[in-house]
Amino acid sequence: VQLQASGGGLVQAGGSLRLSCAASGRTFSSYALGWFRQAPGKEREFVAAINWSGDRTFYADSVKGRFTISRDNAKNTVYLQMNSLKAEDAAVYYCAAFLDYSGSYYYALQSQYDYWGQGTLVTVSS
């Protein structure tokens, strides 16, 4: 599967942004999807993930209550709605995917993901 992230940009602190990740392939609904981010000088970290059916979501503590991950299997797209953005949310955001056979995975683990998009830059001004 190929992933194409979009929607990044410049936003003021406290504002909102919605990222999208469009996937190719006919088996999109079989994949778990995740968002990760990497700020300058820092390691890439987990942000949010959603299982194949969309009935389970997972979030990093730092974004809980502010970010929402969702998916539209008919459009082969996963979204990350980001509200109440903070300066520390500024990073390159990556979407990623892996085949979700059983639902028994550690969805926050980067090594779980087999496919990665190219990243989209989010800049937050204070």
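All residue numbers refer to positions in the sequence shown, counting from 1.
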Fill in: Atom pair CH2 (W35) and CE (M82), whose distance is rounded to the nearest 0.5 Å
8.0 Å

Practice prompt. Kindly give the heavy-atom pair with the smallest separation between S16 and S84, and that separation in Å.
Written response: OG-N, 4.3 Å

Item to complete: Starting at CG of L33, measure out to SG of C21 and round the result to the nearest 0.5 Å.
Response: 7.0 Å

Worksheet item: Would L3 end up clustered with Y105 when hydrophobic side chains under 4.5 Å apart are linked, directly or stepwise?
Response: yes

Practice prompt. Applying ring pair (Phe, Tyr, Trp, His ring centres under 6.0 Å), run through F98 and Y107 and close with a yes or a no.
Written response: CA-CA 9 Å; F98 69 90; Y107 289 84; 5.7 Å; yes

Practice prompt. To the nearest 0.5 angstrom, please state how far the CG atom of L17 sits from the CD atom of Q12.
Written response: 12.5 Å

Discussion item. Once rounded to the nearest 0.5 Å, what's the spacing between atom CZ of R18 and atom OG of S20?
Written reply: 4.5 Å

Just list the side-chain donor-acceptor pairs under 3.5 Å for residues 118-126, sequence neighbours left out, or say none.
residue	atom	partner	partner atom	Å
Q118	OE1	A5	N	3.3
Q118	NE2	A5	O	2.9
T120	OG1	G8	N	3.0

Fill in: Gap between atom CG of L80 and atom SG of C95 - 0.5 Å precision
10.0 Å

Item to complete: Give the C-alpha distance, both sets of side-chain angles, the deciding distance and a yes or no for side-chain contact (heavy atoms from CB on, under 4.5 Å) between Q110 and W116.
Response: CA-CA 10 Å; Q110 293 188 45; W116 292 81; 4.1 Å; yes

Fill in: Same cluster (ILVMFWY, side-chain, under 4.5 Å), F58 and Y115
yes

Using a 3.5 Å cut-off and no angle test, enumerate the donor-acceptor pairs between side-chain atoms of residues 67-77 and protein atoms at least two apart in sequence or in another chain.
residue	atom	partner	partner atom	Å
R71	NE	N73	OD1	2.7
R71	NH1	Y31	O	2.7
R71	NH1	N51	O	2.7
R71	NH1	W52	O	3.3
R71	NH2	F28	O	2.9
R71	NH2	Y31	O	3.0
R71	NH2	N73	OD1	3.2
D72	OD1	A74	N	3.1
D72	OD1	K75	N	3.4
N76	ND2	A23	O	3.4
N76	ND2	G25	O	2.9
T77	OG1	K75	O	2.8

Item to complete: Identify the two heavy atoms, one from A39 and one from A90, that lie closest to each other, and give their separation to 0.1 Å.
Response: CB-O, 3.7 Å

Worksheet item: Step by step, would you call Y113 with F36 a ring pair (Phe, Tyr, Trp, His ring centres under 6.0 Å)?
Response: CA-CA 11 Å; Y113 293 80; F36 295 80; 5.1 Å; yes

Worksheet entry | Value rounded to 0.5 Å, distance of OH in Y106 from CZ in F46 | 8.0 Å

Fill in: V63 with L109, same ILVMFWY side-chain cluster at under 4.5 Å
no

Worksheet entry | Within one Ile-Leu-Val-Met-Phe-Trp-Tyr cluster: L19 and V11, side-chain cutoff 4.5 Å | yes

Response to the item:
Smallest heavy-atom separation, A48 atom then Y59 atom, equals CB-CD2, 3.6 Å

Discussion item. Restricting to non-hydrogen atoms, name the atom on K42 and the atom on Q38 that form the minimum distance, rounded to 0.1 Å.
Written reply: O-NE2, 3.1 Å

Discussion item. Tell me which pairs pass side chain to side chain donor-acceptor pair (under 3.5 Å) where either residue lies in residues 85-94, with sequence neighbours left out.
Written reply: R37-D89, R37-Y93, R66-D89

